[in-house]
Amino acid sequence: MPPIVITLLQGLFLLLLYVFVARAVRAVMRDLRTAPSTSRAHVRPPPKQRDRPRRAPGELVIHLPDSRPKVISLNGGGKVTFGRTGPATVILQDPYVSDRHAHVFHDGRDWMVEDLGSTNGTFLNRVKVTSPTPIAAGDQLGIGKTIVEVRK
């Protein structure tokens, strides 16, 4: 084989190797930027817990990462479940969401959020939910990449 062909093959191999490494680094950086986070630029952070009175929630506004927000009314008094599969009230196509992730329910006195044993956890105002926790208007829930805003 002539030396020019070997040199061209070596150059092509190095080019392909650099392209592969660049794509791998770009994929890792993209995953790091879109890792589960409860802070989103399009959702205003809630005021401090002690600075506002507790108000009963009336609706949930679900801010999906790649589409328009959805509104779910809580006036019916039912339970709202979040997950990746059919039994959930709100199905979230997100790799960071478990099949049965979390639910919001009324316990007779307050509206509560509870994590259903999800892998990545459920967050209320950026704090991980470890037991059924009361929610109020102005709170934010973090479920995978999705932000759920609690409104009056």
Side-chain angles (χ1 to χ4, degrees), residues 13-152:
F13 175 74
L14 282 175
L15 178 68
L16 289 174
L17 182 65
Y18 282 123
V19 168
F20 172 76
V21 170
R23 289 187 64 129
V25 168
R26 190 172 78 186
V28 168
M29 295 303 290
R30 184 182 64 234
D31 284 349
L32 288 175
R33 277 191 304 248
T34 61
S37 171
T38 57
S39 63
R40 294 278 185 245
H42 65 277
V43 178
R44 184 174 38 98
K48 298 280 187 210
Q49 203 62 3
R50 63 184 172 276
D51 293 352
R52 62 183 166 85
R54 303 284 296 170
R55 295 177 297 163
E59 64 185 16
L60 300 175
V61 180
I62 302 158
H63 296 275
L64 301 167
D66 297 326
S67 65
R68 298 177 56 112
K70 296 180 181 178
V71 178
I72 294 181
S73 175
L74 296 175
N75 293 333
K79 176 170 72 169
V80 179
T81 53
F82 297 89
R84 232 180 359 192
T85 59
T89 310
V90 179
I91 297 175
L92 302 172
Q93 299 301 322
D94 181 346
Y96 299 105
V97 174
S98 298
D99 288 342
R100 292 185 62 241
H101 196 97
H103 69 145
V104 172
F105 63 97
H106 196 269
D107 71 349
R109 201 177 66 135
D110 291 319
W111 281 96
M112 311 286 277
V113 63
E114 181 179 22
D115 185 80
L116 299 174
S118 67
T119 304
N120 294 313
T122 301
F123 295 85
L124 173 61
N125 298 326
R126 299 185 186 140
V127 177
K128 191 169 187 173
V129 174
T130 56
S131 62
T133 307
I135 59 173
D139 286 341
Q140 286 184 354
L141 304 175
I143 300 172
K145 296 177 189 176
T146 303
I147 301 298
V148 179
E149 185 181 354
V150 182
R151 288 190 184 167
K152 179 137 179 85

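This structure is a prediction, so every number in the text was calculated from the model and none was measured.
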Legend entry - Val104 and Leu141, any side-chain heavy atoms less than 4.5 Å apart: yes
Legend entry - Residues which pass side chain to side chain contact (heavy atoms under 4.5 Å, CB included) with Pro69, listed by chain and number, not counting sequence neighbours: Val61, His63
Inset, instruction - Indicate the atoms forming the closest heavy-atom contact of Pro87 with Thr81, along with that distance. - result: O-OG1, 3.8 Å
Inset, instruction - Kindly give the heavy-atom pair with the smallest separation between Pro134 and Leu124, and that separation in Å. - result: O-CD2, 3.7 Å
Legend entry - Expected output: side-chain Asp139 to main-chain Val150 donor-acceptor under 3.5 Å: no
Legend entry - Val97/Phe82 under side chain to side chain contact (heavy atoms under 4.5 Å, CB included): CA gap, chis, key distance, verdict: CA-CA 8 Å; Val97 174; Phe82 297 89; 5.8 Å; no
Inset, instruction - Starting at CZ of Phe123, measure out to OG1 of Thr133 and round the result to the nearest 0.5 Å. - result: 12.5 Å
Legend entry - Smallest separation among heavy atoms of Val80 and Thr89, with atom names: CA-OG1, 3.9 Å
Legend entry - Donor-acceptor contact present, side-chain Asn125 to main-chain Gln140, <3.5 Å: yes
Inset, instruction - Using modelled atom types only, decide if a donor and an acceptor are shared between the side chain of Arg151 and the backbone of Glu59 within a distance under 3.5 Å. - result: no
In a table with atom names and distances, give each donor-acceptor pair under 3.5 Å that connects a side chain of residues 111-118 to protein atoms at least two apart or in another chain.
{"unit_1": "Glu114", "atom_1": "OE1", "unit_2": "His103", "atom_2": "NE2", "d": "2.8"}
{"unit_1": "Asp115", "atom_1": "OD1", "unit_2": "Ser118", "atom_2": "OG", "d": "2.6"}
{"unit_1": "Asp115", "atom_1": "OD1", "unit_2": "Thr122", "atom_2": "N", "d": "3.2"}
{"unit_1": "Asp115", "atom_1": "OD1", "unit_2": "Thr122", "atom_2": "OG1", "d": "2.6"}
{"unit_1": "Asp115", "atom_1": "OD2", "unit_2": "Gly117", "atom_2": "N", "d": "3.0"}
{"unit_1": "Asp115", "atom_1": "OD2", "unit_2": "Ser118", "atom_2": "N", "d": "3.0"}
{"unit_1": "Asp115", "atom_1": "OD2", "unit_2": "Ser118", "atom_2": "OG", "d": "3.3"}
{"unit_1": "Ser118", "atom_1": "OG", "unit_2": "His101", "atom_2": "NE2", "d": "3.4"}
{"unit_1": "Ser118", "atom_1": "OG", "unit_2": "Gly121", "atom_2": "N", "d": "3.0"}

Inset, instruction - Run through Asp94, Asp66, Leu64 and flag the one making a side-chain contact (heavy atoms from CB on, under 4.5 Å) with Lys145. - result: Asp94
Legend entry - Shortest non-hydrogen contact between Ala56 and Ala137, atoms and distance: O-CB, 4.3 Å
Legend entry - Partner set under salt bridge (Lys or Arg N to Asp or Glu O under 4.0 Å) for Arg100, not counting sequence neighbours: none
